[in-house]
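Okay, structure first, notes after.
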Amino acid sequence: MSSSVFMLLSVRFVEENTKHMEKETGNISNTDVTTVKKKVLQDLSINNGGGLVNSWVNSMRACSPTHLKSLMKQSSWLTEHPPALDMFEEILHVSEGKQIVMFLDYDGTLSPIVDNPDRAFMSKKMRRTLRKLAICFPTAIVSGRCREKVYNFVKLTELYYAGSHGMDIKGPAQGSKYKEGKSLLCQPATEFLPMIDEVYQKLVEKTKVTPGANVENNKFCASVHFRRVDEKNWNDLANQVGSVIKEYPKLRITQGRKVLEIRPIIKWDKGKALEFLLESLGYANCTDVFPIYIGDDRTDEDAFKILRDKRQGLGILVSKFPKETNASYSLQEPDEVMDFLQRLVEWEQLRSGA
Ligand SMILES: O=P(O)(O)OC[C@H]1O[C@H](O[C@H]2O[C@H](CO)[C@@H](O)[C@H](O)[C@H]2O)[C@H](O)[C@@H](O)[C@@H]1O
C-alpha cells in the first residue's frame with residue numbers, strides 16, 4: 001500500500017474507530033484502554049498498511065462478547081443503563097403528553113444474531129407486535145442492510161424503512177396515517193451507486209480465497225462478514241478489504257458486529273436518518289415528541305447521541321454485556337425488545353381506549 005493512501009485510510013479508520021474502541025471498553029481500567037490504543041497506533045506507524053489491518057482486527061476482537069465479558073463489571077453498567085423493562089413506568093411518565101415515535105434497528109434488535117446473514121429471520125410474534133406497534137405510533141426500521149432486504153424480512157407495509165445505514169429512506173407504501181401527502185423517499189448517496197457496485201464486485205473477487213468470508217451488497221454500502229471466518233484468517237481478510245478500498249478515497253470503513261462496512265464519505269448516518277424522519281413527520285424542533293430508538297450496534301450510537309444531545313426521547317441499547325454507550329437504558333436481547341414493545345402497545349391501547 002502506498003504511504004499516502006495508507007495515511008488516508010489510517011486517518012479515516014482511526015478517527016472513527018479508535019475513539020469508539022476506547023468507549024467500548026469504557027469500564028475497564030484506563031491502563032487497558034491506553035495499552036490497546038497504543039498498540040493500534042504503534043501498529044499503524046510501524047507496520048504501515050499492515051498496521052491499519054491490525055487495527056481493524058484488534059478493534060473487532062476488543063468488541064467481541066468474550067472480551068467485553070471478561071473485562072467489565074455488569075452491576076455498575078446496569079446502574080448507569082438500567083433495564084428498560086424495569087424502568088417502564090418511569091419511561092411512560094417522562095413521555096406523558098408527548099407523541100412517541102419508534103425507531104428500531106433490525107439485526108440483533110428485532111432478530112437474533114445468526115451466522116448466516118440471509119437467515120436472520122424475525123419471529124412471527126415479533127411481526128405481530130410490530131404491526132400493532134405501528135398502529136399505535138409512527139414506527140421506522142433503521143438498518144445497515146439495504147432497504148429491500150430488510151423489508152423482505154419484516155414484510156410490513158405500514159412502517160417507515162431506512163436502509164443502508166439511513167441512506168435509503170422510504171415511507172409507508174399507502175402513505176401514513178400520521179403524515180398526509182406524497183410518499184416519502186430520501187436517497188442522499190445516489191451518486192455512489194456505481195462505485196459501491198464496482199467495489200462490491202471487487203470485494204467478492206478478492207475475498208473468495210478466504211474460507212467463510214461473505215460480502216453483502218447493501219446498495220449504498222457493502223458489508224464484509226468475518227463471523228464465519230476462522231479468527232486466524234481475520235488479518236488476511238482485512239488485508240484483502242484494505243487492498244480494494246485503498247483505490248477509493250471517497251469511501252470509508254466502519255465496523256459492526258464481526259463485519260466491516262464500506263460506505264460513502266458523506267455526513268449521513270442513522271442519526272441523520274432519525275432527524276430526517278422526525279422532520280418529515282412534522283416533528284422538527286417540537287417539544288411534544290418523544291422518540292425512542294432501540295439498537296444493538298455501534299452504528300446505532302449516532303442516533304443515541306442525537307437524542308442525548310437534544311435531551312429528547314431516549315435510546316435503548318440491546319446488549320448482554322456492558323458497553324460504553326450514549327443510550328440511557330438497556331435490554332438484553334430481541335425477546336426483551338419484543339416484551340418492551342408489547343407493553344408499549346398494551347399501554348397505548350388502554351390509554352386511547354382502542
Ligand atoms: O443496522 P443493522 O440492521 O443492525 O445491520 C447491521 C448489519 O447487520 C447484519 O449483520 C449482522 O447480523 C448478521 C445476522 O445476524 C450476522 O451474521 C453478522 O455477523 C452481523 O454483523 C447484516 O448482514 C449487515 O449487512 C448489516 O450491515
Side-chain angles (χ1 to χ4, degrees), residues 24 56-57 59-61 63-66 102-123 126 130 139-154 159-169 189 196 199-200 203-204 207 210 212-231 234 237-238 241 251-264 268-274 293-304 315-320 323 325 327 331 333-335 337:
E24 284 282 333
W56 290 337
V57 173
S59 175
M60 211 174 307
R61 283 199 184 105
C63 298
S64 75
T66 351
M102 295 301 301
F103 296 90
L104 303 160
D105 168 55
Y106 184 73
D107 290 278
T109 298
L110 297 179
S111 69
I113 292 292
V114 291
D115 282 351
N116 181 351
D118 294 337
R119 305 202 57 80
F121 302 114
M122 202 174 77
S123 68
M126 181 68 97
L130 276 182
T139 301
I141 309 285
V142 188
S143 173
R145 291 182 184 261
C146 72
R147 182 166 49 78
E148 290 79 3
K149 213 181 283 179
V150 80
Y151 175 78
N152 281 335
F153 279 124
V154 178
L159 306 187
Y160 291 79
Y161 290 88
S164 307
H165 295 289
M167 288 181 283
D168 190 6
I169 303 178
I196 295 290
V199 164
Y200 166 73
L203 286 169
V204 169
T207 60
T210 304
N214 174 20
V215 188
E216 219 184 331
N217 188 338
N218 281 325
K219 194 166 177 177
F220 294 100
C221 48
S223 303
V224 180
H225 290 278
F226 283 59
R227 190 167 294 277
R228 289 188 289 182
V229 175
D230 192 321
E231 211 172 313
W234 281 13
L237 182 56
V241 175
L251 298 181
R252 64 183 170 130
I253 296 181
T254 54
Q255 182 214 314
R257 296 178 73 170
K258 296 194 180 166
V259 69
L260 287 181
E261 323 242 33
I262 292 90
R263 47 207 273 199
W268 198 268
D269 51 38
K270 288 181 171 184
K272 294 276 180 203
L274 176 142
Y293 189 107
I294 311 183
D296 72 317
D297 213 345
R298 288 169 62 155
T299 54
D300 299 309
E301 290 297 328
D302 295 316
F304 294 149
I316 302 176
L317 178 72
V318 184
S319 178
K320 280 195 163 122
K323 288 182 189 169
T325 178
L331 287 168
E333 55 195 1
D335 274 354
V337 173

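Hydrogens, waters and symmetry mates play no part in the numbers below; they use all other heavy atoms, side chains included. Counting starts at 1 for both ligands and their atoms, following the listed order.
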Would you mind running through ligand 1 and noting each atom that sits below 4.0 Å from a heavy atom of [X]?
X	value
Val259	21 (O)
Glu261	27 (O)
Pro117	14 (C), 23 (O)
Ser223	24 (C), 25 (O), 27 (O)

Do you see a donor-acceptor pair shorter than 3.5 Å between the side chains of Glu261 and Ser223?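 Glu261 vs Ser223: donor-acceptor pair found between side chains.
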
For Ser164 and Lys219, test the side chains for any donor-to-acceptor distance below 3.5 angstrom and give the result as yes or no.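 No, Lys219 and Ser164 have no side-chain donor paired with an acceptor closer than 3.5 Å.
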
Would one find an N or O of [X], backbone or side chain, under 3.5 Å from an N or O of ligand 1?
X	answer
Val114	yes
Glu216	yes
Thr299	no
Gly144	yes
Asn218	yes
Asp300	no

Positive for side chain to side chain contact (heavy atoms under 4.5 Å, CB included) with Val204, one of Val224, Asn214, Val215: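 Of all the options given, the one that passes is Val215.
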
Identify, for [atom], the protein heavy atom at the shortest distance, and state residue, atom and that distance.
atom	value
atom 10 (O) of ligand 1	His225 CE1, 3.5 Å
atom 4 (O) of ligand 1	Asp105 OD1, 2.8 Å
atom 20 (C) of ligand 1	Arg257 O, 3.4 Å

Using a heavy-atom cut-off of under 4.0 Å, does the side chain or the backbone of Asp115 touch ligand 1, or both, or neither?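 For Asp115, only backbone atoms sit under 4.0 Å from ligand 1.
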
Quick one: does ligand 1 sit under 4.0 Å from the side chain of Ser143, the backbone, both or neither, non-hydrogen atoms only?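 The answer is both, backbone and side chain.
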
State which residue, out of Arg263, Lys149, Arg145, Arg147, fulfils the salt bridge (Lys or Arg N to Asp or Glu O under 4.0 Å) condition with Asp168.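 So, applying the salt bridge (Lys or Arg N to Asp or Glu O under 4.0 Å) to Asp168 and each of Arg263, Lys149, Arg145, Arg147, only Arg147 qualifies.
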
I need the [X] [atom1] to [Y] [atom2] distance, nearest 0.5 Å.
X	Y	atom1	atom2	value
Lys270	Asp302	NZ	CG	9.0 Å
Tyr161	Ile169	OH	CD1	14.0 Å
Ile141	Leu110	CD1	CG	5.0 Å

Give the single entry among Asp107, Leu104, Thr109 that approaches atom 12 (O) of ligand 1 most closely by any heavy atom.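 Heavy atom nearest to atom 12 (O) of ligand 1 belongs to Asp107.
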
Per atom 19 (O) of ligand 1, closest listed option by heavy atom (Arg228, Arg227, Gln255): Arg227

Of all the heavy atoms in Lys270, does at least one lie under 4.0 Å from an atom in ligand 1?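 Contact present.
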
According to the interplanar angle, ranging from 0 to 90°, do the rings of Tyr293 and Phe103 count as parallel (below 30°), tilted (30 to 60°) or perpendicular (above 60°)? parallel

For Arg257 and Asp297, what are the C-alpha separation, side-chain angles and deciding distance, and is it a salt bridge (Lys or Arg N to Asp or Glu O under 4.0 Å)? CA-CA 7 Å; Arg257 296 178 73 170; Asp297 213 345; 5.5 Å; no

